[in-house]
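All chains are named by letter (A, B, ...) in the order of the sequence lines, taking the proteins before the strands, and each is independently numbered beginning at 1. Since the structure is predicted, the reported quantities are computational estimates derived from the model, not experimental observations. Because only heavy atoms are used, hydrogens play no part in the values below, and waters and symmetry mates are left out as well, while side chains stay in.
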Number of protein chains: 2
Amino acid sequence: MTISPLRDRTASKDQAASRDRGDPLWDIIELLFFAYRDFVSDPDDVLSKLGFGRAHHRVLHFVNRNPGMKVADLLHILNITKQSLGRVLKQLIDQGYIVQKEGANDRRQRLLYATPKGEALAMKLAGLQTERIARALNELDPGAHAAACRFLTAMIDAEDRGIVQKLIARADQSRSQK
Amino acid sequence: MTISPLRDRTASKDQAASRDRGDPLWDIIELLFFAYRDFVSDPDDVLSKLGFGRAHHRVLHFVNRNPGMKVADLLHILNITKQSLGRVLKQLIDQGYIVQKEGANDRRQRLLYATPKGEALAMKLAGLQTERIARALNELDPGAHAAACRFLTAMIDAEDRGIVQKLIARADQSRSQK
DNA sequence: GAAAATATGTCAATATAGCTGACATAAACT
DNA sequence: AGTTTATGTCAGCTATATTGACATATTTTC
C-alpha cells in the first residue's frame, strides 16, 4: 500500500513566495496533531483496561528505559511537579510495576527500577507504538527513518537536544548490555 | 547551526537484525514525545496569559482553518464529547473569538466562524508553531519538508488519512481565496 | 559538630479537560 | 404526526496537572 503524497509543496510554483511571506506551515502543524493523536491512542487502550492513564505510561516508559534513574531526573524529563508524579508513581509501585532502591552512594536517593512485570508492560506498549512506526516506515523509502529522526530532533528546543540524544544513546547502551 | 545526526541507524551494521527482531524503535518513540512537547509549548505560553488552554487552541485552530464548519464536524475531528466541547466553545464565543451563524440550508446547524479577533489569535499561535517548524527545516536539506509530511501522514490511521488530507487541502483552498 | 542544602515524600486546595448519563429544543425528514 | 438529527445543557465523576506548606533523612559546607 502506497500513500499518495499530501500536496507536493516542494513542486508548488509559489512555494518560495509562501516561504518569504512566512505563511503558516499548516500541513506540518495539522499532520503533527493527527499523527501524535494516533500514536498515543494505541497504548491508551491497553492502559485504560489496567486503570492507568498516559501519565503512568510516561513514568513507566522512562524508568524502564533508564534503570536506576533518580526521582529528580524523572521530574525534569517529564517536566511536572513531584506532587503530580507522586500519585502516579505510588500506584505503579503499589501494583508492582516499579520498585525503589536506596542509592548506594547517596542514601537519600530512591533509584527507580521497572520490575519484570513493569518491563513486560513497558515493552508491550512500546511494541504497539513500534508496530505503527514500522508500518509507516515500510510504506516509505529506506532513508525515511533517518529523515524522521532528523526532523523530529530539529523540532526539539535546541538547548534540550543534547540531553535527549544522551538519554536515547545511554538507554540504548544499557539495554544492549543485557 | 548544524545538528549532528542522532545515531545513524541506517549505517548500523546490525540494523537488519534489529528490524528482524522487531526491537522497539526507541529513537522515534522518544523523539516524537519530546518534539510534540516542545511543539505545543509555544502556544501554551500565550494561551495561559489569556486564561485559555490547549483545548481552546484546538477549537480555535480548526474553526479558523475551516470557516463555517458544523459543530458535529468539530466533534469528530477533535474526538471529544459535545459536553467537553461545550464549555470551551462557550468561552471562546463569550469572549468574542468565535461566532455561530445559523445554517442557510439547515437551520438546526450552528456554523462556526472565527471573528477577526479569533483569527488574529489563531494566526499568532500558528505563527509560533511555524517559526519552530521553519527553524527546523532550515537546518535540514531541501526535501525535509516533503519527507516530514510523508512520515507524519503514514503515522496516521490509514482510515483517517483521506479525511485529514481533504481537511488540509480544503482549508488551504478556502484560505487562498481571500 | 552545627548549619545549610539536597532528595524525597506528603497534605490540602485548586484548575483544566476530559468523561457518562439524562434531558431539552428546534428543525428536518418520512 | 412521528421520528430522526443537530445542538445545547445540567449534574456529577475522573485524571492529570498546579501551588503552597511542611516533614524527614541525608549529605555537604563552614
ask   = Separation of B:Gln109 atom CD from C:dT25 atom C1', in whole Å?
value = 16 Å
ask   = OP1 or OP2 of C:dA28 sitting under 4.0 Å from any side-chain N/O of B:Arg108?
value = no
key: Nearest-Å distance for atom pair CG/C1', residues A:Leu89 and D:dA15   = 16 Å
ask   = For DNA chain D, whose closest nucleotide is more 5', that of B:Lys90 or that of A:Arg110?
value = B:Lys90
request  = Can you sort out which residues in residues 40-58 of chain B have a heavy atom within less than 4.0 Å of DNA chain D? Ascending by number, please.
outcome  = none
task = For a side-chain contact (heavy atoms from CB on, under 4.5 Å) with A:Tyr36, tell me which candidate from B:Leu152, B:Leu32, B:Val40 qualifies.
result = B:Leu32
query = NA contact type, B:Lys82, heavy-atom cut-off 4.0 Å: base, sugar-phosphate, or nothing?
reply = base
ask   = Nearest heavy-atom pair of A:Thr115 and A:Gly96: which atoms, and what distance?
value = OG1-O, 2.6 Å
key: Length of the line joining A:Met69:CE and C:dA7:P, which is rounded to integer Å   = 14 Å
ask   = Hey, is the side chain of A:Ser84 poking within less than 4.0 Å of OP1 or OP2 on D:dT16, counting only N and O atoms?
value = no
query = To the nearest angstrom, how far is B:Asp106 atom CG from C:dC29 atom P?
reply = 7 Å
note = Separation of C:dG9 atom P from A:Ile98 atom CD1, nearest Å, is 12 Å
ask   = What integer distance in Å separates B:Leu85:CG from C:dT16:C1'?
value = 15 Å
request  = When you get a sec, tell me which of C:dA28, C:dA22, C:dA17 is the closest nucleotide to the side chain of B:Arg87?
outcome  = C:dA17
note = One should read off an interatomic distance between A:Leu75 CG and A:Lys82 NZ, to the nearest 0.5 angstrom, of 8.5 Å
key: A:Leu78 CG - D:dA17 P separation (whole Å)   = 8 Å
request  = Would you mind checking if A:Glu30 and A:Arg37 are paired as a salt bridge, meaning a charged N to carboxylate O distance below 4.0 Å?
outcome  = no
inquiry  = Looking only at the side chain of A:Ile80 (C-beta and beyond, no hydrogens), which of the listed nucleotides D:dA17, D:dT27, D:dT5 gets closest?
reply    = D:dA17
inquiry  = With a 4.0 Å limit, can you tell me whether B:Thr81 has a side-chain N or O closer than that to the phosphate oxygens OP1/OP2 of C:dC19?
reply    = yes
Step-by-step salt bridge (Lys or Arg N to Asp or Glu O under 4.0 Å) determination, A:Arg132 to B:Asp157 = CA-CA 9 Å; A:Arg132 177 179 295 271; B:Asp157 282 351; 2.8 Å; yes
message = From C-beta outward on B:Gln100, which listed nucleotide comes closest to its side chain: C:dA27, D:dA21, D:dG8?
response = D:dG8
ask   = What about the rings of A:Phe62 and B:Phe33, do their centers lie closer together than 6.0 Å?
value = yes
remark   = Checking D:dT7, C:dG21, C:dA12 against the side chain of A:Gln83 (C-beta onward), the nearest is C:dA12
message = Assess the residue pair A:Ile168 and B:Leu31 against the criterion (side chain to side chain contact (heavy atoms under 4.5 Å, CB included)); give the C-alpha distance rounded to whole Å, side-chain angles, the decisive distance to 0.1 Å, and a yes or no.
response = CA-CA 9 Å; A:Ile168 294 177; B:Leu31 287 172; 4.0 Å; yes
The single option from A:His61, A:Arg54, A:His56 passing side-chain contact (heavy atoms from CB on, under 4.5 Å) against A:Arg58 = A:Arg54
key: 5' priority, DNA chain D, between A:Asn105 and B:Val71 [closest heavy atom]   = B:Val71
inquiry  = Once you apply a heavy-atom cut-off of 4.0 Å, does B:Asp73 come out as touching a base, just sugar-phosphate, or nothing?
reply    = nothing
request  = Have a look at B:Gln91 and say if it touches a base, only the backbone sugar-phosphate, or nothing, with a 4.0 Å heavy-atom cut-off.
outcome  = nothing
